[in-house]
There are 2 protein chains.
Amino acid sequence: MKNKKVITTNDISSSQHIGKLIFQLQRLERNPRAFGEAGTLTPSEIHAVDAIGEDGNILMSQLAERLGVTKGAITQVISKLEKKGITFRATHPEDSRAVLISLTEKGEIAFRAHMELHAQFNQKLREELSLDEIAIFEKCIKTFTSLLNRENERKSK
Amino acid sequence: MKNKKVITTNDISSSQHIGKLIFQLQRLERNPRAFGEAGTLTPSEIHAVDAIGEDGNILMSQLAERLGVTKGAITQVISKLEKKGITFRATHPEDSRAVLISLTEKGEIAFRAHMELHAQFNQKLREELSLDEIAIFEKCIKTFTSLLNRENERKSK
DNA sequence: ATTAAATAGTTTAGATGGTATACTACATGT
DNA sequence: ACATGTAGTATACCATCTAAACTATTTAAT
């Protein structure tokens with residue numbers, strides 16, 4: 001039987017906060033969600049919708065790059081979205097191998113519902129934090145992310 | 001063909017930073033990793049090791065609660081860890097239904113290697129951010145997490 | 001004491017989301 | 001013209017989770 005904390009240094013506390021953040025993020029990323037008239041979409045589906053929505057239309061391979069997954073994974077998620085009537089494929093006019101993905105009307109609804117969700121979340125955050133705090137928060141997130149990115153790059157070599 | 005940004009408000013930028021953070025976190029959470037002599041563990045395995053390591057020993061159901069998954073999921077991950085020689089089961093002395101999980105020597109090695117990884121990461125973060133910034137960062141993370149938590153709770157009702 | 005209900009953990013089928021690999025079809029450079 | 005490269009797809013497999021049915025044990029009610 002041990003004590004709860006074997007090592008006690010001031011860096012543990014920040015780890016704990018970040019740990020809880022990761023916990024909640026993962027929890028959020030595990031469940032499907034309803035997007036208005038567009039119906040229920042899984043996390044990976046809405047991520048794809050988000051990327052397509054921001055670009056207007058996008059190649060399969062660009063989507064793979066952007067979401068950090070293989071082309072095979074994209075084929076699967078797009079096929080599901082197509083079946084749900086959220087996206088549609090079109091052959092690229094100058095390269096018949098390439099496939100351009102776009103949002104249907106229903107897809108646009110899902111996209112806007114998702115944007116709205118984010119906007120609401122950001123507003124809640126602004127209600128609880130000052131502008132200065134948010135500015136620093138963003139800087140820290142950027143630093144944190146680039147450290148994480150370096151970590152991920154290092155590992156994938 | 002649309003413009004890259006349909007809507008441009010100042011809350012978009014913070015979304016983008018957070019989006020990238022989530023992207024990198026998920027990327028990190030997708031790949032197994034080597035923990036010294038203890039061998040390679042998948043993300044969910046090291047999460048379990050972490051929780052057990054901090055408590056010394058823990059019941060299956062406590063572990064499920066702590067990791068935010070069902071008991072069935074815990075049974076599965078612990079069975080894998082046991083097969084790898086990282087953890088072992090013991091019957092609770094006062095309730096023969098209950099099972100206490102503990103780390104083996106090898107499990108302790110994995111736990112310490114993981115702690116070390118976190119400590120190194122925190123140190124890098126401290127090199128790039130001031131103490132004041134870190135303090136605000138932690139406050140923001142806490143706020144952000146509790147908002148996320150509320151969101152998750154709302155949904156699971 | 002008996003018995004019903006609650007609780008701890010396990011098992012298993014199926015959902016989700018990813019990879020690796022082999023494949024088809026098309027494009028491009030020499 | 002032909003070898004090589006590239007875009008996307010299909011498929012087998014892996015990791016992780018849930019839900020639901022199950023066993024075994026404990027607790028509570030009468």
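Letters go in sequence order (proteins before strands), and every chain restarts at 1. Source: prediction; values computed, not measured.
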Shortest side-chain distance from A/S44, nucleotide among C/dG9, C/dG17, C/dT19
C/dG17
Give a yes or no on whether a donor-acceptor pair under 3.5 Å exists between the nucleobase atoms of C/dT7, that is its base, and the side chain of B/R97.
yes
Contact under 4.0 Å: A/T70 side-chain N or O vs C/dG18 OP1/OP2:
no
Rounded to the nearest angstrom, tell me the gap between atom CD in A/E29 and atom C1' in D/dC17.
14 Å
From the list D/dT18, D/dG8, D/dT16, which nucleotide is the closest neighbour of the side chain of A/L59?
D/dG8
To the nearest angstrom, how far is B/I78 atom CD1 from D/dC17 atom C1'?
15 Å
Atom-to-atom span, NE2 of B/H92 to C1' of C/dT7 - whole angstrom:
13 Å
Quick check on C/dA27: is either OP1 or OP2 less than 4.0 Å from any side-chain nitrogen or oxygen of A/S96?
yes
Can you figure out which of C/dC26, C/dG18, D/dG8 approaches the side chain of A/D95 most closely?
C/dC26
Any donor-acceptor pair under 3.5 Å between the side chain of B/Q76 and the base of D/dT18?
yes
Whole Å only: how far is the CZ atom of A/R33 from the P atom of C/dA15?
22 Å
Nearest to the side chain of B/P43, which nucleotide is it out of D/dT16, D/dT25, D/dT18?
D/dT16
Go through the steps for B/V49 and B/L41 under the test side-chain contact (heavy atoms from CB on, under 4.5 Å), then give the verdict.
CA-CA 10 Å; B/V49 167; B/L41 299 180; 4.2 Å; yes
I'd like to know if the side chain of A/T104 and the backbone of A/G85 have a donor-acceptor N/O pair within less than 3.5 Å.
yes
Hey, does the side chain of A/R89 come within less than 4.0 Å of D/dT9's phosphate (OP1/OP2), counting only N and O?
yes
Mind calculating the distance between CE (B/M60) and P (C/dT10) to the nearest angstrom?
4 Å
Which is more 5' along DNA chain D, the nucleotide nearest B/V77 or the one nearest A/G72? Just name the residue.
A/G72
Nearest heavy-atom contact between B/G53 and B/F111 is C-CZ, 3.6 Å
Give the nucleotide from the list D/dG8, D/dA24, C/dG18 with an atom nearest to the side chain of A/K71.
D/dG8
Can you measure A/H47 atom NE2 to C/dG17 atom C1' for me and round it to whole angstrom units?
12 Å
Short side-chain to backbone donor-acceptor contact, A/D95 and A/R97, under 3.5 Å:
yes
Is the phosphate of D/dT6 approached by A/S61 (side-chain N or O, under 4.0 Å from OP1 or OP2)?
no
Would you check, one step at a time, whether the test side-chain contact (heavy atoms from CB on, under 4.5 Å) holds for B/M60 with B/K71?
CA-CA 7 Å; B/M60 296 294 272; B/K71 290 183 298 171; over 6 Å; no
Looking at B/E45 and D/dT16, is any side-chain donor or acceptor paired with a base atom of the opposite kind under 3.5 Å?
no
Gap between atoms CD and P, on B/E94 and D/dT25 respectively (whole Å)
17 Å
B/L67 CG - D/dC17 P separation (whole Å)
8 Å
Give the nucleotide from the list D/dT18, C/dG9, C/dT16 with an atom nearest to the side chain of B/V69.
D/dT18
So, does A/T75 get its side chain near the phosphate of D/dA10, meaning an N or O under 4.0 Å from OP1 or OP2?
no
Using side-chain heavy atoms (C-beta onward) and a distance below 4.5 Å, is B/I78 in contact with B/L63?
yes
For B/A98, report the nucleic acid contact type (base, sugar-phosphate, nothing); a contact means any heavy atom under 4.0 Å.
sugar-phosphate
